[in-house]
Protein chains: 2
Amino acid sequence: MSGNRYRVLELAVLGLLHETPMHGYELRKRLNALLGTFRAFGYGSLYPCLKDLLGLGLIAEEQPEGPAGPARQRSGRRSKIVYRLTADGKERLQDLLAESGPAAWEDDGFGVHFAFFGQTRADIRLRILEGRRSRLEERLDGVRAAMARTRERLDSYTLELHRHGLESVEREVRWLNELIASERESGSVPPPPSARHAENGTSADSHPG
Amino acid sequence: MSGNRYRVLELAVLGLLHETPMHGYELRKRLNALLGTFRAFGYGSLYPCLKDLLGLGLIAEEQPEGPAGPARQRSGRRSKIVYRLTADGKERLQDLLAESGPAAWEDDGFGVHFAFFGQTRADIRLRILEGRRSRLEERLDGVRAAMARTRERLDSYTLELHRHGLESVEREVRWLNELIASERESGSVPPPPSARHAENGTSADSHPG
DNA sequence: GTTAGCATGTAAGGAGTTACATGATTTT
DNA sequence: AAAATCATGTAACTCCTTACATGCTAAC
């Protein structure tokens, strides 16, 4: 009943439910629309996750409090179960959004964390973007070194695969460079002297364009 | 002991051992060099896989047949276990290389299959490339539709994520277009008799932008 | 009156990953 | 003698995925 797995789903669900309460089916559609090309979840992933989050008390079934008493919504279609964030859930969401370590910049987590940058503090955003850039640059170094070592015995298809792979990663690095520059430009974030962030309110309006 | 999981690893291991026998540690390095940016495996993945393939009789420990009898190689470092492909393993490898369905063009499998295109029949190569292109175009359609539906409630970060994601996929489609054109040019592949397409090869250049 | 879409779930398993444990050999 | 690298392995776990099972409601 307790014991939460679901690192990506947890943030996505809490983040979406923070905007507005929803039932599972709709949540899944918004989820996949949110994550776009990065990821797609089926019901078989979402519902067990909702069950867990419910068990942990991070979300709760919304009781519509009609005059006829607290019955599940039978007005629309089938009796839907509308979930909302609890106080614990909000706290948990804030913790997840404050994450700026590997969980937020590795392949798995980066997409979701980025998708919720609008709700993320400016200094955290910057740390995640920079963390991911470092990660990708490490990967570039590793692959380039490996290629140099084994260059002679790779056939043309393998070389082409590598070329395309490297180009993709380089392209993402350039994208991150632009985002980082844009984050810095939009003021409010002094390059962290030690860890100190200035209090600013305009955290979410800065998109690169 | 039997029962093979490991869809990606199996092909990669058999394909590499087809070139030359190797021990696990070296295999892992060549594996990661081969797959480049696409994937990286640790020993915890490779060794159990080798155990399975051994159990299935697809690979075998190479006996060096020294004059002192069949002992494990103690010449180099620690007693290495050098694996080689068996006859069954070669057959299995041919089956895997002949695969041209979803397993070969989905995200997971495509990289490995492509890496071994040098050992793959020309018509199979073409089918895999076209299959992947279709898959990506479906994905583009799906995401663009989803974006159109929920455009208004996405913030600028989410939009930026989608823009970058779409661009990445579009870029891969263009790459596939070039590869497919190049495969057709290099002769030897008559367009499959049943699936008839108009006599221009440039069917897929329709990317917006 | 039947398909298509809405809506919720479970059981079993996939394809690895992480952390740990061990020891030999070469380099510094 | 210490550190790095070579070399092999296991147990427990992860984070979903696939296939299945169910039923309601709107549209054709």
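Quick note on labels: first sequence line is chain A, next is B, and so on, each numbered from 1.
- The closest side-chain heavy-atom distance from B:E10 to B:L93 is not below 4.5 Å.
- Relative ring orientation between B:Y25 and B:Y43 is described as parallel, the plane-to-plane angle staying below 30° on a 0-90° scale split at 30° and 60°.
- Counting to the nearest Å, the P atom of C:dC6 and the OH atom of A:Y25 are 4 Å from each other.
- Spacing between atom CZ of B:R28 and atom P of C:dT17 amounts to 10 Å, rounded to whole angstrom units.
- Under the 4.5 Å side-chain criterion, counting only non-hydrogen atoms from C-beta, B:V8 is in contact with B:R39.
- Side chains of B:L17 and B:R84 form no contact here, defined as non-hydrogen atoms less than 4.5 Å apart.
- The CZ-C1' distance, from A:F38 to D:dC15, rounds to 19 Å in whole Å.
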Shorter than 3.5 Å, N or O on both sides, protein versus nucleotides 16-19 of chain D: list them out with atom names.
{"unit_1": "D:dC16", "atom_1": "OP1", "unit_2": "A:R39", "atom_2": "NH2", "d": "3.0"}
{"unit_1": "D:dC16", "atom_1": "OP2", "unit_2": "A:R7", "atom_2": "N", "d": "3.3"}
{"unit_1": "D:dC16", "atom_1": "OP2", "unit_2": "A:V8", "atom_2": "N", "d": "3.3"}
{"unit_1": "D:dT17", "atom_1": "OP2", "unit_2": "A:S45", "atom_2": "OG", "d": "2.7"}

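- In this structure, B:Y47 reaches the D:dT8 phosphate: one of its side-chain N or O atoms is under 4.0 Å from OP1 or OP2.
- Proximity of B:K51 to the phosphate of D:dT10: a side-chain N or O atom is located under 4.0 Å from OP1 or OP2.
- By the 30° and 60° cut-offs, the orientation of the rings of A:H164 relative to B:W175 is parallel.
- Remark: P of C:dT8 and NZ of A:K29 are 11 Å apart, rounded to the nearest angstrom.
- Nucleotide C:dG23 holds its C1' atom 14 Å from the CD1 atom of B:I81, rounded to whole Å.
- Distance CG (A:L54) to P (C:dG9): 9 Å, rounded to an integer number of Å.
- One can place CD of A:E106 at 16 Å from C1' of D:dT14, the figure rounded to the nearest angstrom.
- Across the protein-nucleic acid pair, B:L53 atom CG and C:dA15 atom P stand 13 Å apart, rounded to whole Å.
- Inter-residue side-chain proximity for B:H113 and B:L11 is flagged as met; some heavy-atom pair is nearer than 4.5 Å.
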